[in-house]
4 protein chains.
Amino acid sequence: MPARSDAQAQEGKRRLLLQAAVRVFARKGYHASRISDIAEEAGVAYGLLYHYFDSKEEVLRNVFRETWRALIATIKSVEEGDDPPREQLRKVAEILIRSWRREPDLVRVLVLEVTRSGHLAGEMDEIVASFAAIQEIVERGQADGTIRVDIDPLLASYVFYGAIDELLTGWVLGRLPDSDDDLARAERTVVEIVAGGLAPEHAGATA
Amino acid sequence: MPARSDAQAQEGKRRLLLQAAVRVFARKGYHASRISDIAEEAGVAYGLLYHYFDSKEEVLRNVFRETWRALIATIKSVEEGDDPPREQLRKVAEILIRSWRREPDLVRVLVLEVTRSGHLAGEMDEIVASFAAIQEIVERGQADGTIRVDIDPLLASYVFYGAIDELLTGWVLGRLPDSDDDLARAERTVVEIVAGGLAPEHAGATA
Amino acid sequence: MPARSDAQAQEGKRRLLLQAAVRVFARKGYHASRISDIAEEAGVAYGLLYHYFDSKEEVLRNVFRETWRALIATIKSVEEGDDPPREQLRKVAEILIRSWRREPDLVRVLVLEVTRSGHLAGEMDEIVASFAAIQEIVERGQADGTIRVDIDPLLASYVFYGAIDELLTGWVLGRLPDSDDDLARAERTVVEIVAGGLAPEHAGATA
Amino acid sequence: MPARSDAQAQEGKRRLLLQAAVRVFARKGYHASRISDIAEEAGVAYGLLYHYFDSKEEVLRNVFRETWRALIATIKSVEEGDDPPREQLRKVAEILIRSWRREPDLVRVLVLEVTRSGHLAGEMDEIVASFAAIQEIVERGQADGTIRVDIDPLLASYVFYGAIDELLTGWVLGRLPDSDDDLARAERTVVEIVAGGLAPEHAGATA
DNA sequence: GATGAATGAGATTTCATTCAT
DNA sequence: AATGAATGAAATCTCATTCAT
């Protein structure tokens, strides 16, 4: 009876439940998901869920916290790297889009239930932070002359993030094809369009 | 007592309920809204709702049908007009953004409950149609040389619509300032970026 | 379809539920009683209970309010009458003891669930009021010389009420015989003892 | 590690749990108290409780048995002593009222959860026995002429015990002041009234 | 002895929907 | 058309109890 396995098994159950919750939320949506669905998916009695989480909402909150934060951290590290802004934007797009490939259920939940819905009102800060990173990339680009200065960086971050979010939603809802090629092309496209539109040579209209 | 007024009164109650539903859905979300909330908001007994609609979902469906379609029609008419593609995109952005100004509750419901959630799965066609209009604008631009041809028009429509959708969500959730100026600037920004990025002169890096 | 019967039928259902609740609480105790037991006893669906009461506790609260208050009012009217104190005490004992004969279930609930338990913490005032009436009878007796003045009227009211309450409990729990004769004898006994002990002629030992 | 200390430690845990249970039951009432509350109060894991007791009810039963019996024994010894009846009643009142001073939590549980509620239906005999002792004091008084013979001794015991019980309840529920003086006065009062009312000189009314 | 993860019966409560009036 | 009493499926959550370690 190795001590390590005990702690691990315990933590394992928590993880197990969280992962089961992601799958169930992805499949049926948060509201339509019952606690018993999650427990059944995890193969445990539903009472156990209440050992680890206080409520259904707490489950969603934990899914969000323990995954979104990792995502934000990754994006943040890109923003703090030395790449030129356009390459940074590309990497951010890559991270978000690849996360769909790796963990489609998770992305589905994050996109449909957390980011957009009001279910996790208190968690807004975290979400805002992800825009902030993009915003800073834009600001840096404006500082070094690679991004036109007549664009509000905050709005630019919304445009960029919204474009990717819509693509994710398209895949999530099965409206867009999602082969590896499709993902790669989408990544290129969104960067081409947004980074292109942000490029300075090209101060089309007003401000 | 003219017969017309009867029919009108009848239709009036229906409208009344639909408008009340929009306000309630906007305030609490579709799932958290109770039939009785809607009836109370409309000032009628809740049983009456079942004279006009078969179910709660049917209420949402009707909200969607009777508003979204009008929006799609407007967008469609832009697409069928003679403006150059960039101007068409601007008009589409203007329509969507101004709709938020005019009927924020309605937009909130459409954005948060209909477009993103699976509540109205059957209505997908309508939603897809709104992308189709943008897609066709892009295709026409590619045909007449004002839009670069190395971009998939479908993906482009997602990028454009997603950008606007994200802005709408920002306003809906109170994350973005929404004065008239803010809206105007946002409209310009999204068009600048997306239309700019779609312009052919700067076929950036990849392909 | 007489309008009166409508309102009556409605109010009737409320009463029906309240009476059913009294029977069920009396039979199984408040905690062990399920909402469905009450509904079943009343012959209605349990959901209906929630049309009339917000919660199980609210049912108990209403049972209490609508019956205890009547009791207090009766006691109060005795206290405000012209009888000499001893006769007033006898009448109070009579009222409380006869209520057991008339509505044993109700008394059981009031004695076991409301008066002693903390279930209806907020309703304490009402209970205190019933002591106040007895206390005032004692004070009046002290003023007119029929009750010894070296007794704290508040404590006296506890002794008197406690004696009766214990008898009620004895009947409620089936520990005491409760024929008409038993009740009459108990009434005489409690008045003899307490009123006797309160009489001035025999200022026993202490002070 | 002496064997004795082991057994003692074991017994100590049992006591610890019982005492914790008394505090918790007193604070929240039997029904609202959770096994985990008791364990937490005792500072042990809740599973341990099941080493010592078969169930939650068994805990209450043991609290009752191991304390109430001591109380009864004390009362019984008073009854078997040589004091005159009135002094015996005084001593009984003293024992019961002082127990409140010494162990208010315990008295609260005994008064509210055991004596009145049906939780420990099987333990009724014990409770009845406590009345029996008082009853016998009264009967002895009737035999030696110090207590009037037209009073049913059983009913008299209810009156006496009920008076004290009500006072205890008053203190338990915080409705009565409970300084040392208050307790002493209450003790005198209940004895004055009941013993006074039981005294023979004074064959007030009927029979 | 001690722990606390795991179980699941069971209770309350909500609310969409039906339907008699 | 209009009302709201009545229904009951369904969902969340609690917590006593078991049991492997």
Side-chain angles (χ1 to χ4, degrees), chain A residues 1-3 5-6 9-14 17 31-39 42-59, chain B residues 6-7 9-10 13-14 31-39 43-59, chain C residues 1-3 5-6 9-10 12-14 31-39 42-59, chain D residues 6-7 9-10 13-14 31-39 43-59:
Chain A
M1 66 218 44
S5 108
D6 271 6
Q10 234 181 80
E11 186 49 25
K13 273 286 168 53
R14 212 191 102 97
L17 279 164
H31 261 113
S33 299
R34 288 162 303 173
I35 291 288
S36 61
D37 293 330
I38 300 173
V44 301
Y46 60 84
L48 186 56
L49 195 140
Y50 288 94
H51 267 274
Y52 295 105
F53 311 101
D54 283 345
S55 66
K56 188 175 148 185
E57 186 184 318
E58 204 60 21
V59 174
Chain B
D6 270 6
Q10 219 182 95
K13 278 276 169 61
R14 210 191 103 97
H31 259 111
S33 298
R34 286 161 301 179
I35 290 287
S36 62
D37 292 329
I38 299 171
V44 300
Y46 57 86
L48 185 55
L49 195 139
Y50 286 91
H51 273 276
Y52 295 104
F53 310 100
D54 285 344
S55 67
K56 187 175 155 185
E57 187 184 319
E58 205 58 23
V59 175
Chain C
M1 62 209 61
S5 107
D6 270 6
Q10 231 179 83
K13 273 287 168 54
R14 211 192 103 99
H31 261 113
S33 300
R34 289 161 303 174
I35 291 287
S36 61
D37 292 331
I38 299 173
V44 301
Y46 58 84
L48 185 56
L49 196 138
Y50 288 94
H51 267 274
Y52 294 104
F53 310 101
D54 283 345
S55 66
K56 187 175 150 185
E57 185 184 318
E58 205 60 23
V59 174
Chain D
D6 270 8
Q10 218 181 96
K13 277 277 170 60
R14 211 190 104 98
H31 257 112
S33 298
R34 288 160 299 180
I35 290 287
S36 62
D37 292 330
I38 300 172
V44 302
Y46 58 86
L48 186 57
L49 195 139
Y50 287 92
H51 271 276
Y52 295 105
F53 309 101
D54 284 346
S55 68
K56 187 176 154 183
E57 187 185 317
E58 205 59 24
V59 174

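Scope of the values below: all heavy atoms of this structure, side chains included, with no hydrogens, waters or symmetry mates. In the text below, chain A, chain B and the rest are named by the order of the sequence lines, each starting its count at 1.
- Regarding L48(C), its CG atom lies at a distance of 12 Å from the C1' atom of dG8(F), rounded to whole Å.
- In this structure, the side-chain contact (heavy atoms from CB on, under 4.5 Å) partners of F53(C), at least two apart in sequence or on a different chain, are R14(C), L17(C), L18(C), L49(C), E58(C), V59(C), N62(C).
- The two atoms that bring H31(D) and K56(D) nearest to each other are O-NZ, 3.3 Å, heavy atoms only.
- For E58(A) and dC13(F), the CD to P distance is 11 Å, given to the nearest whole Å.
- Closest-nucleotide positions on DNA chain E for H31(B) and G47(A) were compared, and the one nearer the 5' end corresponds to G47(A).
- Map A32(A) and L49(C) each onto its nearest nucleotide of DNA chain F; the residue landing nearer the 5' end is L49(C).
- The residue among Y50(A) and S55(D) whose nearest nucleotide of DNA chain F lies closer to the 5′ end is Y50(A).
- Listed by first residue number, the stems of DNA chain F with at least three Watson-Crick or G-U pairs below 3.5 Å are E:2-21 with F:2-21.
- In this structure, R34(A) atom CZ and dA11(F) atom P are separated by 4 Å, rounded to whole Å.
- Scanning for side-chain contact (heavy atoms from CB on, under 4.5 Å) contacts around H51(A) gives L48(A), Y46(D), with sequence neighbours left out.
- To the nearest angstrom, C1' of dA11(E) lies 16 Å from CD of E57(C).
- Of the candidates dC15(F), dA6(E), dT3(E), dA6(E) carries the atom nearest the K13(A) side chain, counting heavy atoms from C-beta on.
- Between H51(A) and I35(B), the residue anchored closer to the 5' end of DNA chain E is H51(A), taking for each the nucleotide with the nearest heavy atom.
- Annotation for A39(A) and A45(A): closest pair CB-C, 3.9 Å, computed over non-hydrogen atoms.
- Contact of Y46(C) with dA9(F) (side chain to base): a donor-acceptor pair of N or O atoms is detected under 3.5 Å.
- Atom CG of L17(A) is separated from atom C1' of dT7(E) by 13 Å (rounded to the nearest Å).
- If you take OH of Y52(D) and C1' of dT3(E), they are 13 Å apart, rounded to a whole angstrom.
- If you take CG of D37(A) and P of dA10(F), they are 12 Å apart, rounded to a whole angstrom.
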